[in-house]
Asker: 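Dumping the structure here so I can ask a few things about it.
Numbers restart at 1 for each chain; the letters A, B, ... are given by sequence-line order, proteins then strands.
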Number of protein chains: 2
Amino acid sequence: MLYTIGDVSERTGLPAPTLRYYDKEGLLPFVNRGSGGIRKFQETDLEWLRLIECLKASGLQIKDIKRYIDLFIQGDSTIEERRQMFYAQKENVEREIKMLQSTLDLLTYKCWFYDMAVELGSTEAVKNLTEEQLPPHIKKIKAKMNKVQYATKKKKDCAA
Amino acid sequence: MLYTIGDVSERTGLPAPTLRYYDKEGLLPFVNRGSGGIRKFQETDLEWLRLIECLKASGLQIKDIKRYIDLFIQGDSTIEERRQMFYAQKENVEREIKMLQSTLDLLTYKCWFYDMAVELGSTEAVKNLTEEQLPPHIKKIKAKMNKVQYATKKKKDCAA
DNA sequence: TTAAGATTTAAAGTGAACTTTAAGAAAGGA
DNA sequence: TCCTTTCTTAAAGTTCACTTTAAATCTTAA
């Protein structure tokens, strides 16, 4: 079964120009062309696109993904470098999840804060609540937040 | 205690031009100026910066954060809108964490795959492993990944 | 008072990832 | 065959969040 770029766009939700852009950047080297130069996508190409989406979600840039694809094409001699790339990216995602979880703590606190502000009619009234009047889970979050100061934001490190 | 922009830059890790940029965009409306027009930061300004960093980490854009600050300045009449903003953003972060967790599954699988490829000397050899030869946690991940197809990527929805 | 170093501004430049435009070629149904 | 739709390309435009530049002004130690 072969798909045109329009089919693939519909199935993936990616705009056709984006698919052409990925192709131009070397992210889709396995897509064949028909006689008239028209791209013919196969199921395996859709699988590559799923992997690309996932790597993008993990924080890799287009050029990093291209690097990976180039390594893939080179074959088994690049296994070690690909392995290292995935380990590095796994660490990045683990770190990112941790950061988002502490961001979530703050948002949970803010949601509670504004729930109370709605209830009490002002933000001042919430600030005037004593420590004992806070629900336990909010106390816990506040304690946690006080520990975190400026998270030294790690630069998005490339899959080296 | 008052801080110059250089002090704040050092303490937060944010470059001074970035702080000026935030100020210009209206994210730091509480920073005072000395006689010569030089910014004098207070502890409360550092707290605002921490909140800004957090909201940025949650996926809010500069203009969304400005919107929040404008609402804050308007006072208690905007409590409800601020509440809704935080709830929406909390949902965004929860969704983002879920997405990263499935991304992490894929990366965990890939790390295992390339560990095996190193061990066996080729990627083909790993592909030829039978279902029974896979460790349980990898089987589990593979089963999970088969369910997820194209995650309909939600647009970064603004705090409405 | 003077020199060095930090701060100010506006404006231009950057990099990433698309997105849009324009003009032309191919595919597929009536 | 014709017509409409979909495809092709290259090139220019967009958005976001800074970053850099340049020239002027302020602060501070000698």
Side-chain angles (χ1 to χ4, degrees), chain A residues 1-29 31-42 45 49 51-69 92 153-159, chain B residues 1-29 31-42 45 49 51-69 92 153-159:
Chain A
M1 186 58 189
L2 297 176
Y3 307 100
T4 67
I5 203 166
D7 300 332
V8 175
S9 171
E10 202 171 334
R11 284 192 53 179
T12 64
L14 296 167
T18 300
L19 294 170
R20 293 198 189 95
Y21 167 69
Y22 286 174
D23 192 11
K24 194 166 59 117
E25 294 300 311
L27 265 48
L28 304 171
V31 175
N32 294 314
R33 300 291 186 113
S35 57
I38 285 177
R39 292 174 185 83
K40 301 290 180 191
F41 290 76
Q42 293 179 297
D45 298 314
L49 275 171
L51 178 59
I52 287 168
E53 285 299 276
C54 194
L55 293 177
K56 250 163 43 76
S58 84
L60 280 188
Q61 296 186 356
I62 300 289
K63 63 170 183 286
D64 302 327
I65 300 174
K66 167 147 177 56
R67 170 75 181 148
Y68 167 70
I69 288 174
N92 283 346
K153 184 180 166 191
K154 258 230 163 175
K155 278 289 169 200
K156 189 182 292 186
D157 42 10
C158 174
Chain B
M1 188 56 190
L2 297 175
Y3 307 99
T4 66
I5 202 165
D7 300 333
V8 175
S9 171
E10 202 171 336
R11 284 193 53 179
T12 63
L14 296 167
T18 300
L19 295 169
R20 292 197 190 94
Y21 167 70
Y22 286 174
D23 193 12
K24 193 165 61 118
E25 294 301 311
L27 266 46
L28 303 171
V31 174
N32 294 314
R33 301 290 187 115
S35 56
I38 284 176
R39 291 175 185 83
K40 301 291 181 191
F41 291 76
Q42 292 178 300
D45 298 314
L49 276 170
L51 178 58
I52 287 168
E53 285 299 278
C54 194
L55 293 178
K56 248 164 43 76
S58 84
L60 280 188
Q61 296 185 355
I62 300 289
K63 64 169 184 289
D64 301 326
I65 300 174
K66 168 153 176 55
R67 171 77 182 149
Y68 167 70
I69 288 173
N92 283 346
K153 186 181 168 190
K154 259 228 163 176
K155 278 289 169 199
K156 190 181 289 184
D157 42 11
C158 173

Asker: Taking the side chain of B:Pro15 as heavy atoms from C-beta outward, which of D:dT19, C:dT9, C:dT7 is closest to it?
Answerer: D:dT19

Asker: Nearest whole Å is fine: how far is C:dC18 C1' from A:Glu25 CD?
Answerer: 10 Å

Asker: Toward the 5' end of DNA chain C, which comes first, B:Lys24 or B:Gly6, by nearest nucleotide?
Answerer: B:Gly6

Asker: Return the value, rounded to whole Å, for the distance between atom CG of A:Leu14 and atom C1' of C:dC18.
Answerer: 11 Å

Asker: Is the shortest heavy-atom distance from the side chain of B:Ile52 to the side chain of B:Leu28 under 4.5 Å?
Answerer: yes

Asker: For A:Ser35 and A:Thr18, take the nucleotide of DNA chain C holding the closest heavy atom to each; which residue's nucleotide lies nearer the 5' end?
Answerer: A:Thr18

Asker: Atom CG of B:Leu19 and atom P of D:dT19: how far apart are they, to the nearest Å?
Answerer: 11 Å

Asker: Write down the distance between CD (B:Gln61) and P (C:dA17), rounded to a whole number of angstrom.
Answerer: 16 Å

Asker: In this structure, how many angstroms lie between the C1' atom of D:dT25 and the CD1 atom of B:Ile38, rounded?
Answerer: 8 Å

Asker: Measuring from B:Leu2:CG to B:Phe41:CZ, what's the distance to the nearest 0.5 Å?
Answerer: 11.0 Å

Asker: How many whole angstroms separate atom CD1 of B:Ile5 from atom P of C:dT7?
Answerer: 7 Å

Asker: Taking only the side-chain heavy atoms of B:Arg20 (C-beta and beyond), determine which of C:dT8, C:dC18, D:dT8 contains the nearest atom.
Answerer: C:dT8

Asker: Check whether more than 12 heavy atoms from other residues, nucleotides or ligands sit under 6.0 Å from atom CD of B:Glu10, and answer yes or no.
Answerer: no

Asker: Should A:Thr4 be listed as having a side-chain N or O under 4.0 Å from OP1 or OP2 of D:dC7?
Answerer: yes

Asker: What closest approach, in Å, do B:Arg39 and B:Arg33 show between heavy atoms, and which atom pair accounts for it?
Answerer: NH2-NH2, 3.2 Å

Asker: Consider the side chain of B:Arg39, meaning its heavy atoms from C-beta on, and name the nucleotide among D:dC18, C:dT19, C:dT8 that approaches it most closely.
Answerer: C:dT8

Asker: C:dT7 P sits how many Å from B:Tyr3 OH, rounded?
Answerer: 15 Å

Asker: What integer distance in Å separates A:Asp23:CG from C:dT19:P?
Answerer: 16 Å

Asker: Give me the atom names and distance for the closest heavy-atom approach of B:Ser9 to B:Leu19.
Answerer: N-CD1, 3.8 Å

Asker: Looking at B:Arg33, I'd like to know whether one of its side-chain N or O atoms comes within less than 4.0 Å of OP1 or OP2 on C:dT9.
Answerer: yes

Asker: Taking OP1 and OP2 of D:dC18, is either one under 4.0 Å from a side-chain nitrogen or oxygen of B:Lys56?
Answerer: yes

Asker: Choosing from D:dT9, C:dC18, D:dC7, which nucleotide comes nearest the side chain of A:Tyr22?
Answerer: C:dC18

